[in-house]
Structure formats: C-alpha cells, structure tokens
Amino acid sequence: MDSAQLFTFATIAYLAAMVLYISYLVFRKEGVGKAASFTTYAGLALQTVALAMRWIESYQMGIGRAPLSNLYESLVFFTWCTVLIYVIVEWKYKIRAFGAFVMPVAFLALAFINVAGISTDISPLVPALKSNWLFYHVLLSFISYATFGVAFAVSLIYLLQDTDERGSSVNLFAALGIFALLVVLGYVLTASGMKVPFWIGLGVLAVAWFTYLVMKGALNKPLVYLFITLCSTLALGLLVFMGIDYLVFSMQGQPAGEGFRKHMFESTFISRSIPVVAVSWAALFSLFALIWSQGLRIKALLKQFMPAQDILDDLTYRLIAFGWPLFTAGGLVMGAIWANSAWGTYWGWDPKETWSLITWFIYSIYLHGRYVRGWRGTQTTIISLIGFLSVIFTYLGVNLVLSGLHSYGGMN
C-alpha cells in the first residue's frame with residue numbers, strides 16, 4: 001500500500017465524517033456526533049501516515065524532499081492542517097457542529113485532486129525550489145491558511161446567528177438585478193477590449209461595499225445577510241461549475257491537467273453559446289436566491305448547538321491572532337528570503353506575492369480594528385470573511401488563472 005491509496009481512504013473517511021456531522025445537526029443524536037468525531041480522527045490519522053509515507057517514498061526514489069512542492073501536495077497538506085486545527089477546536093470547545101462546516105472543505109479539497117486529474121507523481125524539484133527556505137515558507141503559510149479557513153467557518157456561523165431577519169424580498173431582487181447588470185456590462189466591456197478597466201472598476205466597487213459593511217454592517221443586518229449569501233453562493237457555485245467544466249472536458253476526450261486549467265469555464269460562463277451562458281448564470285442566480293431564502297432555517301437548526309456569540313467572536317479572534325504571525329513570518333518574510341536566493345530579488349510583484357500582501361493587509365486591518373479601534377462582532381467578522389476569500393484566490397486563483405513565478409503549482 002502506498003501513500004496515494006491512504007489519501008484515498010482519508011478522503012472516504014472525510015466524506016463519511018461530513019455526512020455524519022450534517023446528520024448530527026439534523027437528527028440531534030449524540031451518538032451520531034460521536035461517530036462523526038471518531039471518523040474525523042481516523043481520517044486525520046490515515047492522512048498523517050500517508051504524508052509520512054510520501055516523504056519516505058521521495059527518499060526511496062532518490063529525490064528526498066518534503067511533500068510540499070506542488071498543487072497536489074499542497075492541497076493534501078492544507079487539508080491536513082485544516083482538519084488538525086478543527087480537531088483541536090472541537091476538543092477545546094466541545095462543539096461538534098463546526099464539523100458540518102469544516103469537513104466539507106476537507107473532503108472537497110481532496111476530492112478536487114481526483115476530479116481535476118492532478119498528477120500524484122513524486123517529481124524532482126525545479127532548481128528554484130531547491131532551498132530549505134521552501135520548507136519553512138510553505139509549512140507556515142499553509143498552517144496559517146488552515147487557521148484562517150476555520151476562522152472563516154466560525155465567522156459564517158457568527159453572522160448567521162447575528163441575523164434576526166433577512167429583509168424584504170426587494171433586497172433579493174435588487175441584488176440579483178445589480179449582479180445581472182454587472183455581468184452583462186462585463187461581457188460587453190470585455191468584448192470591446194476594456195477587460196482591465198472593468199475589473200479595476202469592479203474591484204473599486206467591491207472595496208467600497210466591503211468598507212460600508214465593516215463600518216455600518218452592525219446597523220444594516222439585511223445587507224450583511226446578502227453578503228453571507230454571496231459568499232456561500234460563490235464558494236458552492238464555483239465548485240459545482242468547475243465540476244461541470246471538468247465533466248464536459250473529459251467527455252470531449254481532452255486530457256486533464258494543464259489543459260483543464262487553460263479551458264476552465266469554457267463550457268459554462270465563457271461558452272461560445274449564448275443560451276449556455278444564460279443558463280449558467282441563471283443557475284448561479286437561482287442558487288443565490290435559494291440560499292438567501294433558506295438561511296434563517298439553517299440558523300434555527302444551528303441555534304441549539306452553538307455557544308454564545310461572544311464565544312464565537314473570541315474564537316475567530318484567537319484563530320486569526322494565531323495565524324497572522326505565522327503568515328507574516330512564513331508567507332512574507334521567509335518567502336522574500338527564498339525569492340532572493342532563487343531569483344535574486346526579495347520582491348518582484350509576482351501575482352502571488354501581490355495577493356499575499358493584500359491578504360496580509362486584510363488580516364492586519366482585522367487585528368488593528370480589534371486592538372486599536374475596539375471593533376467587535378459584525379465588523380471584525382466581515383473582515384474575517386473577506387480575508388479568507390483573498391486567501392482562496394491567493395492560493396488557488398493565482399495558480400489556476402494567472403501566470404507568474406509561482407505557476408509551477410498548476411494542475412500538473
């Protein structure tokens with residue numbers, strides 16, 4: 001038995017744990033909750049052994065490196081860190097309901113490896129990666145990513161618990177109308193060669209909206225509810241449509257790997273068929289409406305399992321306060337030292353470097369707001385959500401969409 005087989009068993013264990021945690025919320029049976037925890041511990045143990053075996057296998061092949069050097073290994077390690085941190089949180093706070101939010105992330109991350117056809121081969125490092133700084137840089141970065149991920153799940157629960165009403169249906173229709181207008185405008189401007197101005201303008205609008213949410217979110221709960229709905233729709237919807245793209249790509253007889261990366265969303269959002277594009281966006285908007293309409297039911301389901309909101313707020317803070325110095329040291333400082341040894345410069349404004357800096361600023365604002373401004377609750381929790389969206393783009397978006405010095409971590 002090799003490490004790849006053990007990773008497959010761990011994926012199955014995380015799938016079972018995800019189902020059990022959700023069943024625990026629905027049926028409210030303590031026995032189901034204990035089974036979910038035990039299954040999670042078993043999956044973590046399997047994955048720990050698998051990581052050790054892959055490290056040993058690399059030495060047996062004469063390569064001799066830590067299993068942290070490509071997209072496959074980084075996804076596996078990110079998942080391991082996420083589950084480990086969740087297990088610690090569950091043990092300390094005795095709250096199993098968090099597992100219904102964390103374990104789907106762990107399962108989907110490992111399942112994505114198989115769905116996307118990412119190579120599991122152990123290959124020698126390219127010259128730029130042959131440095132001890134790589135190990136420290138990646139190790140600390142992914143521990144911080146995982147910590148921010150668990151903080152994201154807790155933040156979602158906090159904001160959902162903090163919402164008393166979702167507002168009038170007018171809010172939903174207005175949001176869908178604005179999003180539809182931006183989508184049409186995006187296609188028109190892109191076709192006119194104004195893609196960059198559109199994305200810059202969209203970024204300015206997003207920053208303005210986020211700023212308003214942070215400053216006034218505690219007073220405008222329906223708008224915060226729309227923000228939760230948007231985050232959930234993006235997280236779930238993009239995964240679903242990436243899966244559809246992969247299935248279509250495979251049915252056409254195309255090889256997986258880098259080819260899938262280059263043609264992502266060609267069968268849905270950027271299809272040459274206008275009806276296909278329209279149906280894809282209609283499906284995403286329908287998902288948005290469904291999540292918006294059912295969110296308060298989920299809140300009622302979670303209410304009996306969750307601690308007081310101040311405990312959730314404190315837990316989010318503790319996780320970010322733990323992850324921020326790790327990200328600062330590993331993601332930025334050690335990354336800069338490694339970049340200088342590999343490419344002769346500490347900072348080159350590579351896309352991943354730029355987005356790492358953006359992520360660092362977001363979480364710095366969180367800590368600054370809490371320490372200096374005295375922000376609590378809704379304000380800081382929204383920043384936590386925004387921060388993890390930036391983490392996801394820093395980690396996967398840059399590797400899969402943009403090109404740069406870090407593109408070695410692509411689909412292959």
Determine yes or no for a side-chain-to-main-chain donor-acceptor pair under 3.5 angstrom, with Tyr363 supplying the side chain and Phe388 the backbone.
yes
Which atom pair, heavy atoms only, marks the closest approach of Gly99 to Pro104?
O-CD, 3.6 Å
Kindly say whether the aromatic ring centers of Phe179 and Phe288 come within a distance under 6.0 Å.
yes
dist Ile392:CD1 -> Leu234:CG (nearest 0.5 Å) comes out at 11.5 Å
Side chains of Thr359 and Ser390, donor plus acceptor under 3.5 Å:
yes
Let me see the working for Tyr41 and Glu90 under side chain to side chain contact (heavy atoms under 4.5 Å, CB included), right down to the final yes or no.
CA-CA 11 Å; Tyr41 303 155; Glu90 181 184 281; 3.1 Å; yes
I need the full list of salt bridge (Lys or Arg N to Asp or Glu O under 4.0 Å) pairs touching residues 356-372, with sequence neighbours left out, sorted by first then second residue.
Asp313-Arg370
Take Thr39 and Tyr14 through the test side chain to side chain contact (heavy atoms under 4.5 Å, CB included) and record every step on the way to the result.
CA-CA 7 Å; Thr39 306; Tyr14 292 155; over 6 Å; no
Run the numbers on Tyr93 and Leu315 for side chain to side chain contact (heavy atoms under 4.5 Å, CB included), then give the verdict.
CA-CA 9 Å; Tyr93 288 86; Leu315 176 56; 3.5 Å; yes
Does any N or O in the side chain of Gln47 come within less than 3.5 Å of the main-chain N or O of Phe7, such that one atom is a donor and the other an acceptor?
no
Trp209 and Phe227: aromatic ring centres closer than 6.0 Å?
yes
One should read off an interatomic distance between Ile143 CD1 and Phe78 CZ, to the nearest 0.5 angstrom, of 12.5 Å
On a heavy-atom basis, the closest approach of Tyr136 and Met334 is CB-SD, 3.4 Å
Given side chain to side chain contact (heavy atoms under 4.5 Å, CB included), test Phe269 with Val183 step by step and report yes or no.
CA-CA 10 Å; Phe269 298 119; Val183 168; over 6 Å; no
Parallel, tilted or perpendicular for Tyr145 and Phe142, by the 30°/60° rule?
perpendicular
Got a second to check how far Ile365's CD1 is from Phe361's CZ, nearest 0.5 Å?
8.0 Å
Other residues, nucleotides, ligands: >12 heavy atoms within 6.0 Å of Ile274 CD1:
no
Just by modelled atom types, is the Thr229 backbone N or O under 3.5 Å from a matching donor or acceptor in the Ser232 side chain?
no
Test item: Met103 and Val83 side chains (from C-beta on) under 4.5 Å apart, heavy atoms:
yes
Note: Leu140 and Leu326 closest approach over all heavy atoms is CB-O, 3.7 Å
